[in-house]
Amino acid sequence: MVPLLSIKLLDWFNLNARILPWRQNPQPYRIWIAEIMLQQTRVDTVIPYFNRWMEEFPDIRSVAQADQVDVLRVWEGLGYYARARNLHQAAQIIQEKYHGELPKKPEELRSLPGIGEYSANAIASIAFNVDLPTLDGNISRVLARLIALEAPVQDKISRQTLLNFASTLLPIGHAGEFNQALMELGALVCLPHKPHCDQCPLIENCQSFTKGVQEKIPQKLSKKNLPHITATAGVIWQNHRVLIAQRPPKGLLGGLWEFPGGKLEDGETLEDCLLRELKEELDLPVEIDKKIAVYQHTYTHFRITLHAYCCHPLTHPIPKPKIQPAFYWVATSELSQFPMGKIDRQIAQSIFKESLC
DNA sequence: GACGCGTGGCC
DNA sequence: TGGCCAAGCGT
């Protein structure tokens with residue numbers, strides 16, 4: 001027996017579902033890639049990345065066989081780069097352990113790097129129509145409003161309550177549509193701010209609307225203020241080439257390339273900071289020429305003001321590529337081949353276009 | 001369980 | 001314009 005609420009939701013979804021690339025041709029591989037890209041990322045942002053990914057990597061084997069630099073290059077700009085590294089690793093595991101086919105069992109999906117509780121059930125239900133509920137930000141908000149859940153949805157007890165509720169609503173044989181319908185309703189109607197309750201197919205079932213508390217649910221957790229750091233980076237020139245370094249394989253912008261530099265310490269001038277960092281990282285004394293630009297950027301957990309300078313080496317021999325940390329001297333025309341975060345890409349663009357220094 | 005992890009868009 | 005996110009995962 002399918003609850004009336006679920007019937008209304010599925011009917012609404014049939015009429016209002018957006019046409020999206022991964023819905024046009026819902027192969028398990030495409031669903032998997034879409035789910036990973038959509039983690040913490042808007043649909044409009046994902047669409048061009050998804051399409052380009054499918055051109056570069058049409059199947060799991062092509063991902064597994066790719067070099068990490070090519071995977072990161074396609075991912076550049078999408079953020080949370082561990083997703084790309086995990087996708088790459090997962091593709092290789094699928095090749096070796098699952099004969100190149102995405103596994104269907106939720107627990108096997110869950111064991112792959114980058115696939116957690118949400119994604120395992122989302123992929124199993126959407127790609128393989130396994131009858132399982134799942135919780136993401138949208139679904140949690142929609143369900144919490146339906147039952148006027150006052151506790152934060154992140155709480156363990158809340159999550160269990162919402163998952164149990166979802167289970168009672170789940171239409172057997174249609175879990176994939178049901179989960180997508182809840183997410184779509186959350187994305188298009190049951191918005192975090194100013195939800196469009198007048199357009200909602202579930203308005204008669206919504207305890208929050210009845211009580212007029214839909215804007216207060218789900219309860220928001222207070223956020224901490226972001227610390228602010230100042231840093232420097234050097235564009236070091238030698239024979240019409242510049243030096244770029246690869247970041248450590250994990251952590252912030254892991255595996256991406258950057259112009260070397262680092263954080264400003266207490267009582268240090270910007271120039272002192274840059275000279276110290278280049279000495280520490282590269283054992284390279286330089287002359288600082290002129291400032292290129294100052295960049296402001298906000299990451300998830302801190303803000304940064306980065307001062308970029310043109311530099312020239314003072315000694316020979318100049319450093320040669322090593323293994324980890326790797327670094328290269330590259331022509332400005334080659335910079336686009338190396339995946340970079342936002343700030344370093346801006347620096348690379350400006351020195352390429354304007355031939356600075 | 002808390003924290004680290006990107007970016008672009010919104011008002 | 002700065003704060004607040006937006007289809008979470010790994011440690």
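Note on naming: letters A, B, ... go to the chains in the order of the sequence lines (proteins, then strands), and numbering restarts at 1 for each one.
Counted by atom type alone, Gln180(A) and Arg23(A) present one or more donor-acceptor pairs between their side chains at under 3.5 Å. A donor atom on one side chain and an acceptor atom on the other are not found under 3.5 Å apart for Asn121(A) and Glu117(A). Judged by distance alone, the side chains of Thr134(A) and Asn179(A) never bring a donor and an acceptor atom under 3.5 Å apart. Side-chain atoms of His297(A) and Lys342(A) form no donor-acceptor pair, as typed in the model, at a separation below 3.5 Å. With no hydrogens or angles considered, a side-chain donor-acceptor pair links Gln296(A) and Thr305(A) at under 3.5 Å.
Residue pairs satisfying the ring pair (Phe, Tyr, Trp, His ring centres under 6.0 Å) criterion with at least one member in residues 254-286 of chain A, sequence neighbours excluded, are listed as follows: Trp257(A)-Tyr328(A), Trp257(A)-Phe338(A). Residue pairs that meet the salt bridge (charged side-chain N to carboxylate O under 4.0 Å, His left out) test with at least one member in residues 56-82 of chain A, sequence neighbours left out, are Asp70(A)-Arg73(A), Glu76(A)-Arg345(A).
Across all strands, Thr41(A) comes closer than 4.0 Å to base atoms (heavy-atom distances). Arg303(A) comes within 4.0 angstrom of sugar-phosphate atoms only, judged by non-hydrogen atoms across all strands, and of no base. Residue Ile115(A) is in sugar-phosphate contact alone, with no base atom involved, counting any heavy-atom pair closer than 4.0 Å across all strands shown.
Each of Pro113(A) and Leu20(A) has a nearest nucleotide on DNA chain C; the 5'-most of these lies closest to Leu20(A). Of the residues near DNA chain B, Thr45(A) and Gly251(A), the one whose nearest nucleotide (by heavy atom distance) lies more toward the 5' end is Gly251(A).
dG6(B) and dC5(C) are spaced 13 Å apart, taking the C1' atom of each and rounding to whole Å.
Ring-plane geometry between Phe302(A) and Tyr299(A) is classed as tilted, the angle between the planes lying from 30 to 60 degrees on a 0 to 90 degree scale.
Comparing dT11(C), dG8(B), dG8(C) by their nearest atom to the side chain of Arg42(A) picks out dG8(B). For Ser119(A), the side-chain atoms get nearest to dC9(C) when compared with the rest of dG3(C), dG6(B), dC9(C). Here dG6(B) is the nucleotide among dT11(C), dG6(B), dG3(C) with the atom lying nearest to any side-chain atom of Thr300(A).
Salt bridge status for Glu204(A) with Lys8(A): present, with a side-chain N to carboxylate O gap under 4.0 Å. No salt bridge links Asp272(A) with Arg276(A); every basic N to acidic carboxylate O contact stays at or beyond 4.0 Å.
Partners of Arg110(A) according to the side chain to side chain donor-acceptor pair (under 3.5 Å) rule, which considers only residues two or more places apart in sequence or in another chain, do not exist here.
For the pair His301(A) NE2 and dC5(B) C1', the computed distance is 6 Å after rounding to whole Å. For the pair Gln219(A) CD and dC5(C) C1', the computed distance is 17 Å after rounding to whole Å. Straight-line distance from the CD1 atom of Ile36(A) to the P atom of dG6(B): 15 Å, rounded to whole Å.
For the segment residues 70-91 of chain A, the set of residues with a heavy atom within less than 4.0 Å of an atom of DNA chain C comprises Asn86(A), in numerical order. If you check residues 145-156 of chain A against DNA chain C, you find no residue with a heavy atom closer than 4.0 Å. Contacts of residues 172-200 of chain A with DNA chain C (heavy atom under 4.0 Å): Met183(A), Pro192(A).
At least one donor-acceptor pair closer than 3.5 Å links the side chain of Arg83(A) to the backbone N or O of Gln39(A).
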